[in-house]
Amino acid sequence: SFRASPDAAKVEASILEGYQSVRPLSAEDIASIEILKKQRALYIYLDRLFWPGNEPSETESAKIKLARGYLETLLAGT
């Protein structure tokens, strides 16, 4: 598994503050960032499942199926 750094919230707040000093971020912008963070976490998880020599377990295979459904929903825009 992977976890965010204990300082991740501070780093994120600092980055958002930097962006907002250039251009105000709307609620929609911030919501998009939250979706991007979830997608990134999903990508990292799925990528690590398929490192050389790894064979996903039955539980992991079920998670992959759910992840594919999630991504298909995102791509469909629903």
Side-chain angles (χ1 to χ4, degrees):
S1 75
F2 64 96
R3 290 182 176 78
S5 162
D7 296 326
K10 289 179 187 176
V11 170
E12 181 181 335
S14 177
I15 291 170
L16 287 176
E17 184 179 312
Y19 285 147
Q20 290 180 327
S21 71
V22 175
R23 180 180 76 85
L25 296 175
S26 68
E28 185 178 312
D29 293 332
I30 293 172
S32 294
I33 292 168
E34 291 301 315
I35 291 170
L36 179 63
K37 287 174 19 186
K38 289 177 184 179
Q39 290 171 332
R40 181 178 178 274
L42 179 59
Y43 171 82
I44 292 169
Y45 174 76
L46 293 174
D47 180 61
R48 291 182 182 181
L49 280 179
F50 291 102
W51 278 358
N54 285 351
E55 186 66 33
S57 69
E58 190 173 312
T59 301
E60 291 168 334
S61 293
K63 289 179 182 180
I64 291 168
K65 185 176 179 181
L66 286 172
R68 284 187 178 138
Y70 168 74
L71 290 174
E72 288 171 5
T73 300
L74 282 176
L75 292 173
T78 57

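- Here the CD1 atom belonging to I33 is positioned 5.5 Å from the CG atom belonging to L25, to the nearest 0.5 angstrom.
- The main-chain N or O of K10 is never found under 3.5 Å from a side-chain atom of S14 such that the two would form a donor-acceptor pair.
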After noting the C-alpha distance and the side-chain angles of I30 and Q20, does the key distance pass the side-chain contact (heavy atoms from CB on, under 4.5 Å) rule? CA-CA 11 Å; I30 293 172; Q20 290 180 327; 4.2 Å; yes
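- Other residues, nucleotides and ligands contribute more than 12 heavy atoms inside 6.0 Å of the CD atom of E34.
- With values rounded to the nearest 0.5 angstrom, T59 atom OG1 is found 11.0 Å from I64 atom CD1.
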